[in-house]
There are 2 protein chains.
Amino acid sequence: MKLLDHIVTIPLFEGLSRGQHEALARIAVSRSYKKGQTIFSEGDEGIGFYAIVSGRVKIFKLSPEGKEQILHMMGPGDIFGEVPVFTGREYPAYAEAHNNSSLLFFPRNSFIELVKKDPSLSLNLLALLSRRLRRFAALIEDLSLKEVPARLAAYLLYASKKSSNKDEFDLDISKGQLASILGTIPETLSRILGRMGRQGIILSEGSRMKILNRTTLEEIATKGRKL
Amino acid sequence: MKLLDHIVTIPLFEGLSRGQHEALARIAVSRSYKKGQTIFSEGDEGIGFYAIVSGRVKIFKLSPEGKEQILHMMGPGDIFGEVPVFTGREYPAYAEAHNNSSLLFFPRNSFIELVKKDPSLSLNLLALLSRRLRRFAALIEDLSLKEVPARLAAYLLYASKKSSNKDEFDLDISKGQLASILGTIPETLSRILGRMGRQGIILSEGSRMKILNRTTLEEIATKGRKL
DNA sequence: TTTCCGCATTGACAAAAGTCAATTTTTCTA
DNA sequence: TAGAAAAATTGACTTTTGTCAATGCGGAAA
């Protein structure tokens, strides 16, 4: 069964038994989304949550002036939209397919039934939510780094870490979106990338980034070293 | 039994049975902290979580230059330090008693045992963590309001809401700490409070705040209306 | 009561980031 | 592959915020 294969690869369901995986497969629904397609909007009734099989999903909030604040970029294996499953309310943010994406949808009611019967499933969930809280706390911490160069440096180090600590990697989002993540605008980001490039700290060619001087980058991120 | 009485009043444990409450009371340990005392530090091993019986607790991170970024101010009934209980790692932030405080401590291992046996307990926990995630998302949204007046206005409206929507209320933290929450410095906060006062939007006398023009305050917070 | 210390306020100035507008580069599609 | 649209970059200028330094204010302790 194809669906079951996918379920087994989802970290959230790691360590569960064959029977538990099968139970999950019975309630899951496969769904496809085209690039740019909205999966749910802030305020929509929370009828279930999603797991990513392939593709990428952007989770974001919208300011009154329409400016995006990206909360997460989700990839294969990630779970999103689970908050209202347990609070019984609306989705707290927007979700949009960043690429053509293949998702699994778990309807709220069936899932709640499963969790009620199965404590080990809930321990996995508790760990997931706890980790997510931790990541949020880190994001808040980074946003509060007062200067943009520091936030950018922190982001580049984080992105490098995700690419198994290579010094060279691809930004998986546009620079405009990166600006949004860093809480700034494309013009400012462009200038700071330029300055870092001129000082030989990084090399930025399109979406290809190369870290030339990791030490300096770390000093900019953690101590408030000036550019 | 005194301890049981306190447990019953903790929202996290709302809706649980008498037997469940008693089981919790058996594993809980009562602890007292003096004003300013550290409860745990970032990086400490996560040996359990805390519930506040009385007093207030500050949860914060420290930047390399030693600047505090306050993540939460916790009050009676609130839970904190539960993240590492489920991820099995270290505390992700600092906790410090803001007043003389009386807490209940729930050791990790005993608690995990309880949760494993009891799905309804875990559903409550899942809802708690989900709500907290939601609040974090809101905080991130506010931090990304680009200007300080907007962030301050959002905070004042939030504080007023906590005081049952009264127009007059007390700040429960110093202005220096409020500045830190808003991601700015005391000088800037002071100037903006001054400007808002001169324009008849608020009245600020020490820690006593009065909202004189709620509509304008909302416009500053949500639309980027200028001060 | 008086002194001291921390917190808050204010002013002058410097630095950082945003806005607006023009231009170049890249990407997508017809 | 040309042409249009979107994204990125750059420059000139404005606004916002932070820094440094001086001063005021109020409560705790001698």
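Note that this is a predicted model, so its numbers are computed, not measured. Throughout, protein chains are lettered first and strands after them, A, B, ... in sequence-line order, and every chain is numbered starting at 1.
- A donor-acceptor contact under 3.5 Å links the side chain of Glu187(B) to the base of dC20(D).
- Atom CD of Gln199(B) has more than 12 heavy atoms from other residues, nucleotides or ligands within 6.0 Å.
- In this structure, Leu171(B) atom CG and dA8(C) atom P are separated by 10 Å, rounded to whole Å.
- One atom, CG of Leu178(B), and another, P of dT9(C), lie 11 Å apart when rounded to the nearest Å.
- Checking dT10(C), dA8(D), dT17(D) against every side-chain atom of Glu147(B), the shortest atom distance belongs to dT17(D).
- Put simply, CD1 on Ile192(B) is 12 Å from C1' on dG18(D), counting in whole angstrom units.
- Checking dT17(D), dA17(C), dT9(C) against every side-chain atom of Thr184(A), the shortest atom distance belongs to dA17(C).
- Separating the CZ atom of Arg191(B) from the C1' atom of dT23(D) is a distance of 13 Å, rounded to the nearest angstrom.
- Ring-plane geometry between Tyr50(B) and Phe40(B) is classed as tilted, the angle between the planes lying from 30 to 60 degrees on a 0 to 90 degree scale.
- Counting only heavy atoms from C-beta on, Ser174(A) has its side chain closest to dA8(D) among dT9(C), dA8(D), dT17(D).
- The CD-C1' distance, from Glu205(B) to dC25(D), rounds to 14 Å in whole Å.
- As rounded to whole Å, 14 Å separates atom C1' of dG18(D) from atom CG of Leu189(B).
- The nearest whole Å value for the distance from the CZ atom in Arg208(B) to the C1' atom in dG26(D) is 19 Å.
- Close to dT9(D), at under 4.0 Å from its OP1 or OP2, lies a side-chain N or O of Lys175(A).
- For the 3.5 Å distance criterion, the side chains of Ser160(B) and Arg214(B) qualify, holding a donor opposite an acceptor.
- Checked against Leu104(A) for a side-chain contact (heavy atoms from CB on, under 4.5 Å), the options Leu24(A), Ile27(A), Leu3(A), Ile79(A) give a single hit: Leu3(A).
- Counting only heavy atoms from C-beta on, Ile185(B) has its side chain closest to dT19(D) among dT19(D), dA17(C), dT9(D).
- Put simply, NZ on Lys35(B) is 13 Å from P on dG27(D), counting in whole angstrom units.
- Residue Pro186(A) places its side chain closer to dT9(D) than to any other of dT10(C), dT9(D), dA17(C).
- Contact between the side-chain N/O atoms of Thr188(B) and the OP1/OP2 oxygens of dT17(D) is not found at any separation under 4.0 Å.
- Cation-pi geometry between Lys58(B) and Phe60(B) is satisfied (NZ or CZ under 6.0 Å from the ring centre, within 45° of the ring normal).
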